[in-house]
Number of protein chains: 2
Amino acid sequence: MVTENRRRRVTITDVANHAQVSTTAVSKVLRNAYGVSEAMRAKVQAAIDELGYRPHAAARAMRGRTFTIGVLLPHIRNPFFADILDGLTEQIGPAGYQAIMVQAGGTDPKEERRAVDALVDRQVDGILTIAPALAKAELEEIGGGTPTVVLGRHDRSAVYDSVLDDDEVGAELVVEHLIALGHRRIAHITQADDGRGRATALLQTIRARTYERVMTEHGLADHIALAVTSYTEEGGYEGAKRLLARTPRPTAIFAGADQAAYGTLAAVHEAGLTVPGDISVAGYDNARISRLAHISLTSVDQDGAIMGRTAGRLLLERIEGRTSAVRFSVTPTLVTRRSTAPPAGAS
Amino acid sequence: MVTENRRRRVTITDVANHAQVSTTAVSKVLRNAYGVSEAMRAKVQAAIDELGYRPHAAARAMRGRTFTIGVLLPHIRNPFFADILDGLTEQIGPAGYQAIMVQAGGTDPKEERRAVDALVDRQVDGILTIAPALAKAELEEIGGGTPTVVLGRHDRSAVYDSVLDDDEVGAELVVEHLIALGHRRIAHITQADDGRGRATALLQTIRARTYERVMTEHGLADHIALAVTSYTEEGGYEGAKRLLARTPRPTAIFAGADQAAYGTLAAVHEAGLTVPGDISVAGYDNARISRLAHISLTSVDQDGAIMGRTAGRLLLERIEGRTSAVRFSVTPTLVTRRSTAPPAGAS
DNA sequence: CAAGGTGTGGGTATCGTTACCCATGGCCGC
DNA sequence: GCGGCCATGGGTAACGATACCCACACCTTG
């Protein structure tokens with residue numbers, strides 16, 4: 001350990017001495033606890049300011065709260081997560097809470113579990129998991145130990161809260177849009193679930209099933225074409241290459257996420273085809289980059305900021321003692337841009 | 001506090017009882033400390049596995065290490081940061097360390113300081129700050145208290161380590177490339193520094209100065225045109241709009257970061273101009289999306305994974321006791337793509 | 001064979017904070 | 001006027017782990 005001229009931290013005892021009161025009194029002021037006179041509060045606050053005292057979160061964790069919310073991200077490449085995080089921070093910051101993030105490292109449930117455990121070991125007061133691939137039983141175990149909000153899954157649970165967008169509505173919007181444009185050979189790129197059990201709760205499953213349902217409802221069951229890769233650029237590229245190799249070729253590709261749509265655009269271009277001339281492409285998430293003129297991707301917009309804010313509010317409520325489970329759903333909207341158009345040869 | 005059927009955590013005492021040894025012995029096994037026989041290690045490990053024990057990081061923090069590295073990110077929208085983080089994780093993971101991230105919330109030094117303090121309060125063993133806007137004095141204060149690596153700044157410090165790419169080389173590559181293509185009216189979009197002091201250490205400053213220097217060296221000093229906004233899509237859009245309004249219009253725009261280049265592309269397109277027909281555009285960072293056929297942005301590649309790995313290595317070394325300061329520099333390379341071409345009217 | 005080294009295990013104080021409970025004094029109501 | 005309530009402040013024992021030091025057995029060496 002480097003101990004050069006590392007000066008000692010200011011502790012609650014220093015503050016207590018300086019203000020001529022007990023550490024208990026200081027602690028009460030810090031926590032806004034009951035039983036503190038206005039004079040006491042002022043005196044202690046003055047000492048805190050004077051000494052530049054900050055509570056030691058690790059010490060707090062031994063007895064009380066850490067005022068920390070842990071966020072589990074699958075990775076930090078998806079710009080949509082940034083909106084969620086901004087909403088979360090906006091909500092919990094004023095209450096004195098700090099968000100810390102850990103990367104789950106892909107879609108491996110083992111890695112994800114390790115990452116959640118890292119948060120639990122650090123004694124966070126609440127956990128927000130974003131689109132976790134974990135089994136529901138594991139999520140419930142986590143939720144049983146720490147207030148938890150799960151974002152982006154359609155499970156219903158009694159021990160944790162859910163925040164999600166209505167993926168069924170979103171996927172329907174896209175497929176109906178493409179069909180309305182005149183497309184019939186519409187393909188879909190989805191993400192594999194490496195779960196061992198039923199994955200009906202995963203958003204990629206909902207999006208894929210809805211695609212199949214809407215196609216079927218329109219009598220297009222024979223044109224269903226799925227590529228099961230992943231919601232990444234690589235996945236979109238790989239999936240599109242496979243779909244484009246089919247005969248007859250699809251005239252539209254609905255990628256389950258914008259990230260995958262970017263890869264799709266690259267594959268289409270590489271195949272010497274144009275968007276939307278030869279192939280229409282649509283995504284899901286409405287990431288900022290999708291708005292750029294050069295990409296101009298038709299996509300489904302879900303309000304990440306609201307989802308993040310809500311997740312924060314639900315966590316604070318649970319930390320304060322709520323035990324009933326809540327489910328909050330956002331209705332998405334379709335944003336049509338230049339990446340989708342009627343198929344060649346349509347009227 | 002929710003205390004429904006929250007079962008007690010397995011502690012080191014439980015493990016010690018179960019293995020019929022002292023807690024000290026268990027602690028030694030956990031830390032791989034000296035003075036443990038092979039038999040003892042096996043016995044304790046068995047008890048740990050059997051009980052599913054995990055050390056309580058907060059309790060550890062009171063006396064020893066937390067095995068946690070804190071990462072300060074300006075925000076999580078820049079995909080380049082993901083590469084850095086992947087490199088870091090790859091390096092520190094096998095050593096038993098976990099990375100936690102906090103968002104600094106823009107370029108406000110106050111917010112940044114708050115975020116770093118949050119890490120310090122959580123007793124992380126080391127801190128990696130990515131392109132911080134903090135004053136050098138503050139960074140040194142932090143480095144004096146916790147092993148610190150600063151990424152993306154050109155300061156030289158005796159108390160923290162630096163990891164950076166040679167921004168002078170990178171910027172020179174871009175400007176020379178554009179000049180070689182035949183451009184003369186080359187503009188640059190840079191990021192404002194809200195620092196009160198000299199900002200010569202900030203990478204945006206180096207990139208901007210180098211741009212000016214190379215222009216001057218080629219006798220193009222009269223054509224220097226700077227837009228001072230920020231390294232974001234919005235900043236690039238805004239900056240490009242201003243630059244395009246000039247008379248005569250520039251024929252090439254060098255955006256100091258890919259994110260800003262995306263905004264530039266949007267502004268160029270919106271102005272009814274084409275890339276690279278009317279305007280060449282180049283960026284810096286070589287983000288993955290820049291490789292997409294639809295964007296195909298000429299950019300400067302800096303190897304984020306290596307930078308992240310190196311930062312991790314340096315932090316581990318410092319935690320182990322190194323006190324001398326180290327500076328690690330990566331030499332960037334230029335990746336030319338279709339967004340740059342000779343100006344209209346050039347031979 | 002004594003003296004000292006070495007390898008291994010354990011006892012205990014301690015980190016900074018809060019939960020829990022007790023002490024005190026003023027005030028109220030009967 | 002007295003019992004009891006309330007508001008306020010403080011004392012103290014934890015929380016779970018590790019740093020530090022000591023105890024002991026066994027081995028080496030002169």
Side-chain angles (χ1 to χ4, degrees), chain A residues 1-3 6-44 47-48 51-68 96 120-123 125 319 321, chain B residues 1-3 6-44 47-48 51 53-68 96 120-123 125 145 319 321:
Chain A
M1 191 77 75
V2 188
T3 331
R6 191 148 301 179
R7 64 206 160 295
R8 217 175 52 80
R9 245 187 110 96
V10 178
T11 72
I12 199 171
T13 311
D14 299 329
V15 175
N17 290 339
H18 193 262
Q20 309 260 50
V21 297
S22 70
T23 57
T24 303
V26 179
S27 175
K28 282 181 183 171
V29 170
L30 289 172
R31 289 174 292 125
N32 253 311
Y34 175 83
V36 189
S37 65
E38 208 35 67
M40 170 67 89
R41 178 178 312 284
K43 189 164 56 173
V44 169
I48 289 174
L51 298 179
Y53 166 78
R54 294 198 317 270
H56 192 291
R60 278 185 149 171
M62 297 291 293
R63 300 286 298 163
R65 295 187 188 166
T66 52
F67 293 94
T68 307
V120 173
D121 297 344
R122 277 157 193 80
Q123 198 78 358
D125 296 332
I319 291 170
Chain B
M1 190 78 76
V2 188
T3 332
R6 192 147 299 179
R7 64 205 160 294
R8 217 176 53 81
R9 245 186 110 94
V10 178
T11 73
I12 199 171
T13 312
D14 299 329
V15 175
N17 289 340
H18 193 262
Q20 309 259 50
V21 297
S22 71
T23 58
T24 302
V26 178
S27 176
K28 282 182 184 170
V29 171
L30 289 173
R31 290 174 291 125
N32 253 312
Y34 174 83
V36 189
S37 65
E38 208 36 65
M40 170 67 89
R41 179 178 309 285
K43 189 164 56 174
V44 169
I48 288 174
L51 299 179
Y53 166 77
R54 293 197 317 269
H56 192 291
R60 280 185 147 170
M62 297 290 294
R63 300 283 299 160
R65 296 187 188 167
T66 52
F67 293 94
T68 307
V120 173
D121 296 346
R122 276 155 193 81
Q123 198 77 358
D125 295 333
I319 291 169

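Reminder, nothing fancy here: chain letters follow the sequence lines and each chain counts from 1. As a basis for the values below, the full set of heavy atoms in this structure was taken, side chains included, without hydrogen atoms, waters or symmetry mates.
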Legend entry - D:dC15 phosphate, OP1 or OP2, under 4.0 Å from B:Thr11 side-chain N/O: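 False: B:Thr11 side-chain N/O out of range (4.0 Å or more) of D:dC15 OP1/OP2.
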
Inset, instruction - Examine C:dA19: is either OP1 or OP2 under 4.0 Å from a nitrogen or oxygen in the side chain of A:Arg31? Give yes or no. - result: yes

Inset, instruction - Please evaluate the base of C:dT17 for a donor-acceptor partner in the side chain of A:Arg60 within a cut-off of under 3.5 Å? - result: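 Under the 3.5 Å cut-off, the side chain and the base do not form any donor-acceptor pair.
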
Inset, instruction - Can you check whether any acceptor in the base of C:dT17 is under 3.5 Å from a donor in the side chain of A:Arg63, or vice versa? - result: no

Rounded to the nearest Å, what distance is computed from the [atom1] atom of residue [X] to the [atom2] atom of nucleotide [N]?
X	N	atom1	atom2	result
A:Arg122	D:dA17	CZ	P	13 Å
B:Ile12	C:dT12	CD1	P	17 Å
A:Gln20	D:dG9	CD	P	15 Å
A:His56	C:dT14	NE2	C1'	13 Å
B:Arg54	D:dA17	CZ	C1'	15 Å
B:Asp125	D:dT18	CG	P	12 Å
B:Gln123	D:dG16	CD	P	18 Å
A:Ile48	C:dT17	CD1	C1'	13 Å

Inset, instruction - Would you mind reading off the bend of the helix from C:dC1-D:dG30 to C:dC30-D:dG1 from its two end axes, five pairs each, to 10 degrees? - result: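 Computed angle between terminal axes is 40°.
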
Legend entry - Heavy-atom check, side chain of B:Asp121 versus side chain of A:Arg60, under 4.5 Å: no

Legend entry - Note, B:Arg54 side chain near B:Arg9 side chain (heavy atom, < 4.5 Å):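 In contact.
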
Inset, instruction - Considering non-hydrogen atoms only, spot the tightest contact between A:Val44 and A:Val21 and give its length. - result: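 So the two residues come closest at CG2-CG2, 4.1 Å.
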
Inset, instruction - Return the minimal non-hydrogen interatomic distance between B:Ala19 and B:Ala47, and the atom names on each side. - result: CB-CB, 3.7 Å

Inset, instruction - Please list, by residue number, the residues of residues 21-29 of chain A whose heavy atoms come closer than 4.0 Å to an atom of DNA chain D; answer none if no residue qualifies. - result: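 A:Val21, A:Ser22, A:Thr24, A:Ala25, A:Lys28 - these, ordered by number, are the residues of the stretch whose heavy atoms sit under 4.0 Å from the strand.
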
Legend entry - A:Thr68-B:Arg122 side chain donor-acceptor pair, cut-off 3.5 Å: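 B:Arg122 and A:Thr68 do have a side-chain donor-acceptor pair below 3.5 Å.
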
Legend entry - Atom pair CG (A:Leu51) and CG (A:Asp14), whose distance is rounded to the nearest 0.5 Å: 7.0 Å

Inset, instruction - Measure the CD-NE2 distance between B:Gln20 and B:His18 for me, rounded to the nearest 0.5 Å. - result: 9.0 Å

Inset, instruction - Between B:Met40 and A:Phe67, just flag the one whose closest nucleotide in DNA chain C comes earlier from the 5' side. - result: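 Closer to the 5' end of DNA chain C: B:Met40.
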
Inset, instruction - Between B:Tyr34 and B:Met62, name the one whose nearest nucleotide on DNA chain C is closer to the 5' end. - result: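 Looking at the nearest nucleotide for each, B:Tyr34 comes out on the 5' side.
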
Contacts table for residues 25-42 of chain A: side-chain donor-acceptor under 3.5 angstrom, sequence neighbours left out:
residue, atom, partner, partner atom, Å
A:Ser27, OG, A:Arg31, NE, 3.0
A:Ser27, OG, A:Arg31, NH2, 3.2
A:Arg31, NE, A:Ser27, O, 3.3
A:Asn32, OD1, A:Arg41, NH1, 3.4
A:Ser37, OG, A:Met40, N, 3.2

